[in-house]
Amino acid sequence: MKRLWFVAGIALSSIAVGSDKVEDHTMLVGTEDREMNAAIRQAQASLARFLRINANPPKGASGFKLKLKFKYANGAEHMWVTPFKHEGSSFVGILADEPR
């Protein structure tokens, strides 16, 4: 796992419970993929609620993970980050995925 600081725009988010390690498989998805774009819009719309729950989790809830989009010259990759802290418009955390 790699520790890093990053500023994130609106990103994919999810409430998840489990270990910090994520068994995730890389999938190539085009920018016009309707299902992926709908999932991204839904995640973006629920991000504020997710962050409120993360800040004050209900009894028994733990292992929160955040999926963020990392842009690079030839595209982007979405990776899980856990644990993470929300600091203003930034997030600080540890990658739970290996970058591809």
Side-chain angles (χ1 to χ4, degrees):
M1 284 198 257
K2 297 179 176 136
R3 177 177 276 287
L4 68 127
W5 291 76
F6 50 89
V7 177
I10 300 297
L12 293 177
S13 64
S14 176
I15 296 176
V17 179
S19 72
D20 289 349
K21 178 82 171 144
V22 176
E23 295 297 328
D24 217 0
H25 301 283
T26 302
M27 295 176 51
L28 298 176
V29 179
T31 58
E32 300 302 316
D33 187 283
R34 288 167 46 186
E35 287 182 41
M36 179 60 77
N37 289 331
I40 291 169
R41 283 191 302 276
Q42 181 180 0
Q44 290 171 338
S46 64
L47 181 60
R49 180 173 180 265
F50 169 76
L51 293 173
R52 283 193 305 275
I53 293 169
N54 179 66
N56 188 20
K59 183 178 181 180
S62 64
F64 290 84
K65 296 172 177 66
L66 185 67
K67 196 160 207 177
L68 297 172
K69 181 178 182 178
F70 295 83
K71 294 182 181 181
Y72 55 90
N74 297 323
E77 184 172 357
H78 294 88
M79 292 181 279
W80 289 107
V81 178
T82 188
F84 69 91
K85 254 188 346 182
H86 185 221
E87 296 181 350
S89 62
S90 300
F91 294 94
V92 178
I94 298 174
L95 288 181
D97 287 328
E98 288 293 325
R100 303 283 181 227

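Just so you know, residue 1 is the first one in the sequence shown, and it goes up from there.
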Applying side-chain contact (heavy atoms from CB on, under 4.5 Å), name anything that partners [X], two or more places apart in sequence or on another chain.
X: Arg34; value: none
X: Gln42; value: none
X: Ala55; value: none

Just to verify, which of Thr82, Asn54, Leu47 counts as forming a side-chain contact (heavy atoms from CB on, under 4.5 Å) with Leu66?
Leu47
Nearest heavy-atom neighbours spanning [X] and [Y]:
X: Asp97; Y: His78; result: OD2-O, 4.2 Å
X: Trp80; Y: Lys65; result: CE3-CB, 3.5 Å
X: Val81; Y: Gly93; result: CG1-CA, 3.7 Å
X: His86; Y: Phe91; result: CD2-CE2, 3.3 Å
X: Pro99; Y: Met79; result: CA-SD, 3.7 Å

Quick one: sort the Phe50 and Phe84 rings into parallel, tilted or perpendicular, breaks at 30° and 60°.
parallel
